[in-house]
Every structure is written in C-alpha cells, then in structure tokens.
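To start, the structure itself, in structure tokens.
Remember, it's 1-based here, ligands and their atoms both numbered in the order they're listed.
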Amino acid sequence: MTEMIRKYTSEIGDDDDGKQVLLYGWIHEVRDLGGVAFALLRDREGIIQITCPKKRSPEIIKKLRKVRRESVVKVIGEVKKEPKAPGGFEVLPDEFEVLNEADAPLPLDVVEKVPAELDTRLDARFLDLRKPRVQAIFRVRHQMIQSARAFLSEEGFIEVQTPKIVSTATEGGTELFPISYFEREAFLNQSPQLYKQVLMGAGLEKVFEIGPIFRAEEHNTVRHLNEAISIDIEQSFTDHEGVMKVLERLVSRVYSDVVENCEKYLDWIEVELEVPEIPFQRITYDEAIEIIKRKGEEIVWGDDFSTPALKTLSEEVDGHYFIVDWPTEIKPFYAMPYENEPEISKTFDLMAGSLELASGAQRVHIYDLLVRKIGEKGLNPDSFEFYLSAFRYGMPPHAGWGLGADRLLMSILKLKNIREAVIFPRDRNRLTP
Ligand code: AMO
C-alpha cells in the first residue's frame with residue numbers, strides 16, 4: 001500500500017471530494033448528537049469538521065465521544081462537500097487514532113468562550129498559541145522578519161551578528177543588565193550600536209542585524225519589554241536623510257508583503273491593513289514642541305516627549321511620520337550635531353501615531369569630536385577603546401537606525417500590548433515561560 005501524504009486542513013478542496021485524506025491535528029471541540037458525532041480537528045492552517053454517523057463506524061464514534069479536547073489525533077477519512085460545515089468540507093472517518101490524550105481540565109480555554117487575562121494566557125502560552133488568532137500573529141511576524149531580511153539583502157546590506165555579552169553601555173549607562181562573566185562584570189547588550197559602527201570602520205559599508213536587545217526598564221508599560229528584537233542597519237557614505245529613505249521603504253515593503261501573503265492570518269486576527277504611502281511626513285522637533293504646546297500640554301524645548309505629549313502630537317500628525325533634528329543634548333553621544341548649529345543633531349525618530357518605532361542618526365565619525373562627546377555625557381572614553389580605535393584609521397561618514405521589531409508588529413496588527421507580539425515576552429515580572 002502506498003503511504004498517504006498528510007494534508008493540512010486548508011489544503012482540502014474540490015479536488016479531494018470523494019477522496020481519502022490523512023490529517024493530523026488537535027481536537028478543538030466535540031459535539032455528540034446521539035446518532036452522529038461531530039469533532040472539529042484543528043491544525044496550524046485551520047479547522048475541519050470530522051463527521052461520524054454511527055453506521056459508518058461504531059468504534060470511531062465511541063472514541064470520538066470519549067476523546068478529550070486538545071488531544072492530538074490522526075484521522076484518515078473521506079472528504080465530502082458540505083456547505084454547512086466550516087470551510088465547506090467535512091471528513092467521514094475510516095481511521096481515528098488518539099496519538100496523545102490531553103489532560104483535563106485545561107489550564108486555558110483554547111476555544112476562547114471565556115476570554116482570559118493576558119497574564120493567564122502568557123502563563124499557559126503553549127495553549128494560548130493554539131488559538132488561531134494568536135498563532136496568526138506569529139505567522140505575520142514571520143512574514144515581517146522575512147520581508148525585512150529580503151529587502152535589506154536586496155538593497156546590498158550584509159547580515160551580521162554581533163556579541164550580546166559586552167563590556168560597555170551604548171545608550172547612556174542606565175538600563176543595563178549586569179551579568180557575571182568569570183571574574184569580571186559584563187552586561188547584556190542594549191544595542192548593536194557600537195559594533196555596527198565599528199563595521200563601517202571595517203569597510204563593510206552596509207550592514208544589518210536582526211537580534212535581541214536588552215533593556216533593564218524598571219517600568220511596566222504596554223510598549224516596553226526587557227528583551228526586544230531590533231532590526232538595525234548602518235550605512236557608510238550617507239547621512240540621516242539617506243537612511244530614513246531606506247527605513248520608510250522597508251516599512252512600506254513589510255506592509256505590502258503582509259497584505260499580499262498573509263490575507264488568511266489577517267482575517268483570523270480581524271484586522272485590515274493599508275500599505276502606508278511613502279515618503280512619510282517629516283516634522284522637526286521644534287514643530288512637534290510647538291504643536292504640543294499649542295494643544296495646551298506643558299513642555300519646554302530640550303524635553304524628551306512623554307507618552308501623553310506623544311498622544312497629543314498624534315492627534316495632529318497621524319499615521320507614519322518622522323520627528324527630525326532633535327536637541328543634541330537628549331540624543332546619545334554618537335549622534336552628529338549640525339556643523340552650523342551644534343545644539344541640534346542629525347537625528348530622527350520614526351513614529352506610528354504615538355508609538356516610537358525606530359530611531360536613528362547620522363553618526364559622529366570624527367575621532368576627536370567623538371571622544372569629546374563621550375566625555376560630555378559623563379562616560380569614560382577609556383572603556384570605549386575597542387570602539388574608538390576604529391575611528392582613527394579611516395572611518396567613513398555613516399548613518400543608521402534601530403527599528404523595534406516587536407513594536408512594528410504591534411503597530412501593524414494594532415495590538416494593544418507589546419507582549420501580544422512576542423511569543424515568550426520578558427518584562428519586569430515575567431521570567432517564564
Ligand atoms: P533606541 O534606544 O531608540 O535606539 O531603540 C531603537 C528602537 O528599539 C525599540 N526599543 C524597544 N522596544 C521594546 N521595548 C524596549 N524596552 C525597547 N527599547 C527600544 C524601539 C526603539 O525605537 N542605537 C540606537 C539605534 C540607532 O541609532 O541605530 C537605539 O538603540 O522601537
């Protein structure tokens with residue numbers, strides 16, 4: 001006998017009508033109407049109804065009545081068109097095998113008749129992920145990462161991986177996780193910033209990295225994680241405007257790919273997407289301050305934007321937009337000041353409404369200026385030796401950005417909490433699963 005090929009539920013179509021198929025999956029629900037039992041079999045691509053009238057198989061109907069929800073099963077049966085069944089087809093079983101029986105009661109209701117709190121869901125994440133709506137989020141995430149990688153590769157960027165165990169801070173000294181590294185103290189990296197710049201000194205010209213960043217954020221918010229994934233680029237012989245163009249094209253590409261390839265998953269999540277038009281609007285930091293002030297919020301030049309201030313701003317400037325030309329003082333040491341106006345820097349944040357998605361800058365590539373700026377931030381240039389030496393022997397002008405992948409997904413899918421966008425999120429209170 002030839003071995004049957006397994007099909008996903010979504011692959012069952014008109015061609016299968018009257019034919020036998022092999023399915024694997026989980027028991028989503030069972031309904032017993034006496035003379036006939038219905039089970040819903042769920043796999044990662046969808047749900048199909050297994051219909052077993054008593055006369056087709058008294059043994060199988062007995063098994064179906066007994067099987068617990070979420071057990072793993074194998075079914076071989078005949079496909080029949082059935083307009084009343086979900087998806088338009090049902091399977092009349094000839095073989096039904098329970099591969100692994102699930103315990104009861106379940107710690108979480110996969111059918112979601114009773115909605116659970118996010119914390120309960122995250123505690124039982126393996127079950128939460130069985131919900132089609134939740135799994136769909138990670139199918140879109142997969143597409144988002146694939147698109148970003150494909151886009152940057154096509155643009156000539158080289159993918160790199162830089163160390164996550166490091167000796168120095170990059171984003172200002174606070175928010176660092178110390179770890180013990182043999183007889184020394186080390187840290188989990190906050191950003192690949194220093195390494196991607198060193199790689200400009202190495203002559204790679206265009207690099208990108210998709211990897212974890214670690215931030216010891218004390219506060220628990222819906223937009224902060226302690227471990228996030230950042231999509232980072234660095235590019236030589238360009239300025240902030242040059243890399244902003246790469247960023248907006250990347251965001252637009254991710255949206256088009258998701259719209260094109262993830263229709264089914266967007267339906268499961270019940271979200272509709274529009275590909276944002278590029279170029280995105282650019283407003284200066286000064287203009288943003290004016291808008292926020294005009295709307296009655298208290299803010300002075302030199303302040304960073306608080307969450308309420310960004311909410312106020314987004315009432316006026318909606319969708320995707322860049323805030324450019326920030327005060328040098330509130331941006332990291334590596335940001336390049338304007339030559340004629342050094343209190344302003346060649347920096348930008350990319351916003352989606354009131355959510356910051358990315359930030360970036362043209363960098364300081366002049367050794368003396370960089371040493372001075374490190375000192376001005378109260379940091380010790382000696383601990384940046386490996387970084388600084390790359391600036392002494394032919395560092396090209398360069399620029400780059402870091403885009404929060406979890407935040408991008410959160411904003412694409414209009415998720416209320418960033419934790420929804422991460423399979424196993426890490427926050428102030430959560431270290432498992
Ligand atoms: P920044 O610190 O702004 O810049 O981080 C870049 C982007 O990473 C995301 N992000 C976070 N997402 C979730 N939780 C967090 N705690 C968190 N922290 C940051 C945000 C943010 O916009 N080195 C620079 C980038 C550069 O200039 O190239 C940097 O790290 O979406």
Between E217 and R428, is the salt bridge (charged side-chain N to carboxylate O under 4.0 Å, His left out) condition met? List the steps.
CA-CA 8 Å; E217 310 270 1; R428 185 77 175 82; over 6 Å; no
Proximal atoms of ligand 1 relative to [X] (non-hydrogen, under 4.0 Å):
X    : result
R223 : 13 (C), 14 (N)
A228 : 12 (N), 13 (C)
G360 : 27 (O)
E217 : 16 (N)
A358 : 22 (O)

I want to know if ligand 1 touches [X] in the polar sense, i.e. an N/O pair below 3.5 angstrom.
X    : answer
A361 : no
L225 : yes
R215 : yes
E234 : no
S230 : no
I418 : no
S359 : yes

May I ask you to decide if the ring planes of F305 and Y285 are parallel, tilted or perpendicular, using 30° and 60° as cut-offs?
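The arrangement is tilted - the two ring planes meet at 30° to 60°.
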F391 vs H398 aromatic rings, parallel, tilted or perpendicular, using cut-offs 30° and 60°?
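Ring orientation, 0 to 90° scale: tilted.
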Do NZ/NE/NH1/NH2 and the carboxylate oxygens of [X] and [Y] come within less than 4.0 Å?
X    : Y    : answer
R42  : E70  : yes
E209 : K196 : no
R141 : D406 : yes
R69  : D103 : no
R139 : E45  : yes

Could you check whether any heavy atom of K196 sits closer than 4.0 Å to an atom of ligand 1, since that is the contact criterion I want to use?
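True for this residue.
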Using non-hydrogen atoms of the residue, decide whether E227 is closer than 4.0 angstrom to ligand 1.
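Heavy atoms of E227 never come under 4.0 Å of ligand 1.
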Less than 4.5 Å apart, any side-chain heavy atom of R407 and any of E356?
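Heavy-atom side-chain distance check passes, below 4.5 Å.
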Winner among [options] once heavy atoms are compared against [atom]:
atom                    : options                : answer
atom 24 (C) of ligand 1 : Y334, W401, F214       : Y334
atom 23 (N) of ligand 1 : Q193, R363, R426       : Q193
atom 20 (C) of ligand 1 : Q362, M410, R407, Q197 : R407

Using a 4.0 Å heavy-atom cut-off, which part of [X] comes near ligand 1: side chain, backbone, both, or neither?
X    : answer
L357 : backbone
H224 : both
E356 : both
Q190 : neither
M351 : neither

When you measure from the centre of the six-membered ring of Y338, is the NZ or CZ of K346 closer than 6.0 Å and no more than 45° off the axis?
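Positive - K346 is close enough to the ring of Y338 and near enough to its axis.
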Could you point out which residue of R149, R249, R253 forms a salt bridge (Lys or Arg N to Asp or Glu O under 4.0 Å) with E155?
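Only match with E155 under salt bridge (Lys or Arg N to Asp or Glu O under 4.0 Å): R249.
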With sequence neighbours excluded, what pairs up with E90 under the salt bridge (Lys or Arg N to Asp or Glu O under 4.0 Å) test?
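For E90, the residues satisfying salt bridge (Lys or Arg N to Asp or Glu O under 4.0 Å) (neighbours in sequence not counted) are K80.
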With sequence neighbours excluded, what pairs up with K74 under the salt bridge (Lys or Arg N to Asp or Glu O under 4.0 Å) test?
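For K74, no residue satisfies salt bridge (Lys or Arg N to Asp or Glu O under 4.0 Å) once neighbours in sequence are set aside.
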